[in-house]
Amino acid sequence: MPRPRRAVVILATSLIFCLAISTALATEIGPNDFRISQMGPDGSTNFSAISPAVAYNPQDDLYLVVWYGDNEVDNENEVYGRLIGSDGAPVTAQFRISDMGPNGDVDYDALNPAVAYNAIANEFLVVWSGDDDTGGLGDNESEIFGQRLHADTGLHTGANDFRISDVGPPGSPVNGASEPEVVHNPSANEYLVVWTADEGLGGLANEEHEVYGQRLSGTGGELGANDFRISSMGPDGNASYDALSSAVAYNSIANEYLVVWSGDDNTPPLVESEEEIFGQRLTSTGAAVGSDDFRISDMGPDGDPNLGAFHPAVVHNPGSNEFLVVWEGDDNVATIDEEFEVFGQRLSATG
């Protein structure tokens, strides 16, 4: 039986309306691909800007964009930033944030920055993985560092390049911290910084990476347990199992954190080298709550190490009190091995 004409008209009108909305939502605003960084002279491939991160300051309607790169000396990587207006126009020139090792020495680096906005103090906190020469540290001994910035000017405030992590035995270049992420808790005016580390202590083997965290006060002082461990992938002492690429979000409704990571665990039916996304809820004081290391992703059939999930990100939606976790995945549903796409999973506040 033919569909009534009125239904067709309604359907067509609805489709046009939805397309109009989706087109409007997808419309780019302002200049296309506007440039933010200026590393080294134009025309030289020796200088680069890498791994950007961004946070928004609603009080002054400004963004802080941060990245790492080499600007003055080839292969001497430091963290840089620039304040950008809501219209995309630069408000400041790019400025240097980190100071790892002596200037001009390419053996010391700052890598992979992350940034969070503190609405209480109207500040930003920038964190990064750094190789410095202060406080007994030596070359290739990577730790997590931080720098507070005035949110309206980008100027440094507080201690310069303060150290956050304490990984492995002092002076050991084979243990280190990397891939930091940071979130601000406005209820307590404190931060939670998380990272991946090869601790090498407490029964852990060399190259056995797990996720760790540190609470910081609004002024950058350490709070609570030092470098507390968050993940537990596989048996301790077995470097075949890892937790990598952590991310963190704050739940303002429950006053909790959710930390997620890409992990290789040995809990059946998973096998070695089968990477999936895992999560752990934490109280505001960093204590584990709920299920330990609960699994979030399901890439391909269990037991297949050729398919996996990597590089997660997470955000909390206070309107529905739920999380959205996204990741880069290699699945077998409508795709083939090594065909990577982005996947996601909504989670309740309890995971």
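Side chains included, hydrogens not; waters and symmetry mates left out as well; all remaining heavy atoms used. Index from 1, following the sequence.
Between Leu155 and Leu149 there is no side-chain heavy-atom pair separated by less than 4.5 Å. Contact of the Ile36 side chain with the Pro90 side chain is not registered, since no non-hydrogen atoms from C-beta on lie closer than 4.5 Å. Ile120 is listed as a side-chain neighbour of His184, based on a closest heavy-atom distance under 4.5 Å. Residues Thr92 and Thr153 fail the side-chain proximity criterion, which asks for heavy atoms closer than 4.5 Å. The closest side-chain heavy-atom distance from Phe278 to Asp265 is below 4.5 Å. In this structure, the side chains of Asn332 and Pro301 come closer than 4.5 Å at one or more pairs of heavy atoms. Residues Glu256 and Val289 form a side-chain contact, since some pair of their non-hydrogen atoms from C-beta on lies under 4.5 Å apart. Inter-residue side-chain proximity for Ser37 and Trp67 is flagged as met; some heavy-atom pair is nearer than 4.5 Å.
The nearest pair of heavy atoms linking Phe95 to Leu64 is CZ-CD1, 3.8 Å. For Phe47 against Asp74, the heavy-atom pair with the smallest separation is CE2-N, 3.7 Å. The shortest heavy-atom contact between Val211 and Ala243 is CG2-CB, 3.8 Å. Across all non-hydrogen atoms, the minimal contact from Ser252 to Pro318 is OG-CB, 4.0 Å. Here the closest heavy-atom approach between residue Val182 and residue Val193 is recorded as CG2-CG2, 3.9 Å. Among all heavy-atom pairs drawn from Asn71 and Met39, the shortest one is OD1-CA, 3.3 Å.
Here Met299 contributes atom CE and Glu274 contributes atom CD; the two are 11.0 Å apart, rounded to the nearest 0.5 Å. For the atom pair CG (Asn306) and CG (Asp337), the distance works out to 5.0 Å, reported to the nearest 0.5 Å. Interatomic distance, CG of Asp330 versus CD of Glu339, reported as 8.5 Å (0.5 Å rounding). Remark: Ser178 OG to Asp131 CG distance equals 12.5 Å, nearest 0.5 Å.
Criterion: ILVMFWY side-chain heavy atoms under 4.5 Å apart, direct or through other members. Under it, Val248 and Phe294 are not part of a common hydrophobic cluster. Under the 4.5 Å side-chain heavy-atom criterion for ILVMFWY residues, a single connected hydrophobic cluster contains both Val91 and Val126. Side-chain heavy atoms closer than 4.5 Å link hydrophobic residues (I, L, V, M, F, W, Y) into clusters, and following such links, possibly through other members, connects Val115 to Tyr117. In this structure, Leu125 is a member of the same hydrophobic cluster as Trp195, with clusters built from ILVMFWY side-chain heavy atoms closer than 4.5 Å. Hydrophobic clustering, with ILVMFWY side chains joined whenever heavy atoms are under 4.5 angstrom apart, keeps Val183 apart from Val314.
Glu190 places no side-chain N or O within donor-acceptor distance of the main-chain N or O of Leu223, the cut-off being under 3.5 Å. Between the side chain of Ser245 and the backbone N or O of His311 there is no donor-acceptor pair closer than 3.5 Å. Although no hydrogens or angles enter the test, the distance criterion places a donor-acceptor pair under 3.5 Å between the side chain of Asp198 and the main chain of Glu207. Remark: the backbone N or O of Leu111 is not paired with any side-chain donor or acceptor of Asn77 at under 3.5 angstrom. Glu208 contributes a side-chain N or O that, together with a main-chain N or O of Gly237, makes up a donor-acceptor pair within less than 3.5 Å. The main-chain N or O of Trp327 is never found under 3.5 Å from a side-chain atom of Gln345 such that the two would form a donor-acceptor pair.
For the 3.5 Å distance criterion, the side chains of Ser231 and Glu210 qualify, holding a donor opposite an acceptor. Judged purely by distance below 3.5 Å, without hydrogens or angles, the side chains of Asn321 and Asn251 pair a donor atom with an acceptor atom. Looking at Asn226 and Arg215, their side chains never bring a donor and an acceptor atom within 3.5 Å of each other. Inspection of the Asn189 and Asn118 side chains reveals an N or O donor paired with an N or O acceptor under 3.5 Å. The closest side-chain donor-acceptor pair between Ser129 and Ser142 falls under 3.5 angstrom. Side-chain contact, Asp61 with Ser86: a donor N or O sits under 3.5 Å from an acceptor N or O. Between Glu276 and Ser297, the side chains place a donor N or O and an acceptor N or O closer than 3.5 Å (distance only, hydrogens not considered). No side-chain donor from either of Tyr212 and Asp227 sits under 3.5 Å from a side-chain acceptor of the other. Asp60 and Asn122 share a donor-acceptor pair across their side chains, judged by distance under 3.5 Å alone.
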Before you tell me yes or no, could you show the steps for Phe323 and Arg346 under side-chain contact (heavy atoms from CB on, under 4.5 Å), namely the whole-Å CA-CA distance, both residues' side-chain angles and the distance that decides it to 0.1 Å?
CA-CA 6 Å; Phe323 296 95; Arg346 293 167 56 211; over 6 Å; no
Decide side chain to side chain donor-acceptor pair (under 3.5 Å) for Asn160 and Arg148; before the verdict, give the C-alpha distance in whole Å, the side-chain angles of both, and the deciding distance to 0.1 Å.
CA-CA 8 Å; Asn160 185 59; Arg148 293 161 54 210; over 6 Å; no
Check the pair Glu78, Tyr68 against side-chain contact (heavy atoms from CB on, under 4.5 Å), reporting the backbone distance first and the verdict last.
CA-CA 5 Å; Glu78 296 286 355; Tyr68 82 87; over 6 Å; no
Decide yes or no on side-chain contact (heavy atoms from CB on, under 4.5 Å) for Val260 and Ser246, but give the supporting numbers first.
CA-CA 5 Å; Val260 298; Ser246 58; over 6 Å; no
Could you go through the side-chain contact (heavy atoms from CB on, under 4.5 Å) check for Glu272 and Asp264 one step at a time?
CA-CA 6 Å; Glu272 183 186 342; Asp264 175 14; 4.2 Å; yes
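The residues Asp292 and Arg281 are annotated as not salt-bridged, no charged nitrogen and carboxylate oxygen being separated by less than 4.0 angstrom.
Contacts of Glu143 classified as salt bridge (Lys or Arg N to Asp or Glu O under 4.0 Å), with partners at least two apart in sequence or in another chain: Arg163.
Ring planes of Phe145 and Trp128: parallel class, angle under 30° (limits at 30 and 60°). Ring pair Tyr257/Tyr250 is tilted by interplanar angle, where 30° to 60° counts as tilted.
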